[in-house]
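Every number for a ligand or one of its atoms is a count from 1 in the order of the listing.
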Amino acid sequence: MNESPSLSTLPPHGFAVTGNQRLRESVTVQQLLRPLPPVKIQLNCLGVLDRFLADAEVYALPVIDDHGKPVALLERPSFVEFFSGRFSRDVFGRRSILDLLSCGQYKCDVPLVVEESCTVEDAAQIIIGAGMQHMVTGFMVSRRGSYAGVADGRDLLSIITRQKQAELYYLAHYDALTGIPNRALLSDRLEHACRDADRKGRLVALLFIDVDRFKQINDSLGHSAGDEVLRRIVARLKASARQVDTVARLAGDEFVILMEDLTDPAQVALVARRIIASMQEPIDMLGHVLVATVSIGSVVYPRDDAGVGALLSKADAAMYEAKAVGRNGFRSYSPEMRTYNPASMSLENELRQGIERDELLLHFQPQVALAGGAVLGVEALVRWCHPERGLIPPLQFIPVAEESGLIVALGEWVVRNALAQLRAWRDQGLPSLPVSVNISALQFRQRGFSGFLAEQLAEHRIQPGLLELELTESVLMKNVDAVLQTLTEIKALGVRLAIDDFGTGFSSLSYLRRFPIDRLKIDQSFVRDIDSTPVNESIARAIVALADSLALEIVAEGIETASEVEVLKRIKCVQGQGFLFSKPLDAERFSTWLLNRARSEIVMA
Ligand SMILES: Nc1nc2c(ncn2[C@@H]2O[C@@H]3COP(=O)(O)O[C@H]4[C@@H](O)[C@H](n5cnc6c(=O)[nH]c(N)nc65)O[C@@H]4COP(=O)(O)O[C@H]3[C@H]2O)c(=O)[nH]1
């Protein structure tokens, strides 16, 4: 077994490439300096000849004037050849070098002089400009204008070559935006770490980290602010990982931490928890304050897989699981998690077909009054029932739909089917509940969106007030005037508007005042553990107070325990949604749930 790192993991010899290094090292000409003693311009030519004869190694002699300024570089071959000619020694032997240089018979090129503080790249440019022969003959080096020594052009070339190699190495192995290892270097290190672990009987862990709703951050603040957010996240990841861990960027908002040489898998959860806690601190971006949460999945080698190839996709599957149960959390891999191999299927194409073949369906989750439990409404959540892969959660296919534009067709499908379901329940004699649907930015910005809503409401004979659109903050922040116009059109129909995942975006108060919003949904990341996490309680309390001052309704999502309900009631949040009341259910199971609930309420009354 080869225990040394593979070639591609090694930076070029002599160059320590680290994540923090700038692409170009600033090596100066001083590092090439050879302090060869110069000859003075008054010295006679025989004196120079003697120096050449005394030292066969000396290829050229630098000549300086009275003030120490470099004036010429006498090359051994041409000098010796000149003095081996007839009469040259007699005529010029006792005359000074100055006389020789000014006589016109001895040809000496103007020497190339470069300041020692000059970078090697700049020196190379100067040499290329002055004629490539200086690469061979070398050049003189000055220090603040005075002679300091000579340099060999070949040394310069070899430094430049090594720099180029280091640059290429860097580009191939490091992420240009954040300066941390990229996928290629991570793969090399992972392979090496696993081999090392086999030998020492240790463990290796991968943490797959995905920033929650990063697309919204990018969409609303712009790409350069998005880049800055990523850099700040990387700083927190590094601070949360152990010094020896590799923090790498896979792509976009996906990061991986490689933990080598582990003895106890519990260390993985420790780091994951540290990362999640580190994200609590709000990020101040150009006056906008945002909380960027992450979802983390982990896999441990060889416990979860004795091969290296599938580790990353298993960590990815665990990360998706963390997202599916409400984001801002951590999951370890377990075998029932499905791994998604992008190479083996084109999710986009399958989704396109899936929409056409009616493979989508809606699940419904009730929204209730926290005091008394009356059912106030229902949220429609899309599901994809894939013929081979079973039920695929929306967080796996909504991003694909958004990127490919399929979200428009998908979103229309959701609105149409949610209203059709309301109509069907009403026809069955069930109570008329308002239904909320999630609307993506692209769908919202479609021309004629409000016309489409009006058409659907009329077709299914549903009162507009029974339809609520859930928009995220990022939808509202871009092109404010156009957004306001669409919101006003929708409001004029009588349709209700809610802001989803409130608190995770930029919480800009000005838009809340301007836009005709009816309700805020407190994001589940603030609701989770609200009974034991004071910062969550403070945030939720601030959101409730804000909603109150603007006369908006408020609903908390992701409620899982009775003690979370208690805290929410205490801070005056009156509506809630979450697994505690019911998980999202298909239409049939939802109506059974509703009927049973109505019956139990009658019995209790
Ligand atoms: N851990 C936990 N989770 C809870 C609890 N109560 C509800 N949830 C989950 O939280 C998510 C709430 O929806 P969301 O924030 O709008 O987040 C939604 C929404 O952003 C998106 N999505 C779902 N359906 C649609 C749709 O029709 N159109 C669009 N554009 N997006 C959709 O996918 C996201 C995830 O949807 P789901 O997987 O159905 O996940 C749902 C729901 O199942 C709880 O007590 N604990």
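Only side-chain heavy atoms of Val414 come within less than 4.0 Å of ligand 1; its backbone N, CA, C and O stay farther off. At a heavy-atom distance under 4.0 Å, no atom of Val437 approaches ligand 1. Counting heavy atoms under 4.0 Å from ligand 1, residue Arg383 touches it through the side chain alone. Using a 4.0 Å cut-off between heavy atoms, Gln577 makes no contact with ligand 1 at all. Contact annotation: for Ile559 versus ligand 1, heavy atoms closer than 4.0 Å belong to the backbone alone. When heavy-atom distances to ligand 1 are checked against a 4.0 Å cut-off, Gln524 comes that close only through its side chain, counted from C-beta outward. The residue Gln443 has no part lying near ligand 1, judged by heavy-atom distances below 4.0 Å.
Remark: ligand 1 atoms within the under-4.0 Å shell around heavy atoms of Pro394 are 23 (C), 33 (O), 35 (C), 36 (O), 37 (P), 38 (O), 39 (O). Near Pro584, with a cut-off below 4.0 Å to any heavy atom, the atoms of ligand 1 are 43 (O). The Gly578 neighbourhood of ligand 1 comprises atoms 6 (N), 45 (O), with distances under 4.0 Å to a heavy atom of that residue. Heavy-atom proximity to Ile398, at under 4.0 Å, picks out these atoms of ligand 1: 29 (C), 31 (N), 32 (C). For ligand 1 and Gly558, the ligand atoms under 4.0 Å from any heavy atom of the residue are 5 (C), 6 (N), 44 (C), 45 (O). Atoms of ligand 1 found under 4.0 Å from any heavy atom of Gln365, numbered from 1 in the order shown, are 6 (N), 7 (C). Ligand 1 places these atoms under 4.0 Å from at least one heavy atom of Glu379: 13 (O), 16 (O).
Annotation: side chain of Phe255 is in contact with side chain of Leu230 (closest heavy-atom distance under 4.5 Å). No side-chain heavy atom of Glu412 sits under 4.5 Å from any side-chain heavy atom of Gln446. Residues Val483 and Phe444 meet the side-chain proximity criterion, which asks for heavy atoms closer than 4.5 Å.
Taking the centre and axis of the six-membered ring of Tyr320, the NZ or CZ atom of Lys323 falls outside the cone set by 45° and 6.0 Å.
Of the candidates Lys323, Glu560, Lys583, Glu560 brings a heavy atom nearest to atom 2 (C) of ligand 1.
Closest to atom 45 (O) of ligand 1, if we only count protein heavy atoms, is Phe579 N, 2.7 Å. Nearest protein neighbour of atom 29 (C) of ligand 1, counting heavy atoms only, is Asn438 CB, 3.5 Å. Nearest protein heavy-atom contact of atom 30 (N) of ligand 1 is Ser440 OG, 3.1 Å. Arg327 NH2, 3.9 Å is the protein heavy atom nearest to atom 20 (O) of ligand 1. Protein heavy atom closest to atom 1 (N) of ligand 1, with residue, atom name and distance, is Val325 O, 2.5 Å. Annotation: atom 14 (P) of ligand 1 to nearest protein heavy atom, Asp500 OD2, 3.8 Å. Nearest protein heavy-atom neighbour of atom 26 (C) of ligand 1: Val382 CG1, 3.7 Å. Counting only heavy atoms of the protein, atom 13 (O) of ligand 1 lies nearest to Leu381 CD2, 3.7 Å.
Residues Asp245 and Lys238 are not paired through a salt bridge, judged by the lack of any N-O separation under 4.0 Å between the basic side chain and the carboxylate. We find that Glu321 and Arg331 are not joined by a salt bridge, their nearest charged nitrogen and carboxylate oxygen being 4.0 Å or further apart. Ion pairing between Asp501 and Arg213 holds under the 4.0 Å rule for side-chain N and carboxylate O. Using a cutoff of 4.0 Å between basic side-chain nitrogens and carboxylate oxygens, Glu348 and Arg352 are scored as salt-bridged.
Contact annotation for atom 40 (O) of ligand 1: protein absent (non-hydrogen atoms, distance under 4.0 Å).
Taking a 6.0 Å sphere around CD of Gln428, one finds it holds more than 12 heavy atoms contributed by other residues, nucleotides or ligands.
Looking at ligand 1, you'll find an N or O of Asp501 within less than 3.5 Å of one of its N or O atoms.
In this structure, CG on Leu237 lies 11.5 Å from CZ on Arg249, to the nearest 0.5 angstrom.
Each of Arg519, Gln575, Glu468 was evaluated against Gln367; a single residue qualifies, Arg519, per the side chain to side chain donor-acceptor pair (under 3.5 Å) test. Each of Leu520, Leu471, Asn438 was evaluated against Asp500; a single residue qualifies, Asn438, per the side chain to side chain contact (heavy atoms under 4.5 Å, CB included) test.
In this structure, Pro393 does not count as a contact residue of ligand 1, since none of its heavy atoms falls inside 4.0 Å of the ligand.
Of the N and O atoms on the side chains of Thr293 and Asp212, at least one donor lies less than 3.5 Å from an acceptor on the other residue.
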Could you walk me through whether Arg327 and Gln524 pass the side-chain hydrogen bond (donor to acceptor under 3.5 Å, both in side chains) check? CA-CA 9 Å; Arg327 307 183 182 102; Gln524 49 181 287; over 6 Å; no

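In this structure, Phe590 has its ring center closer than 6.0 angstrom to the ring center of Trp425.
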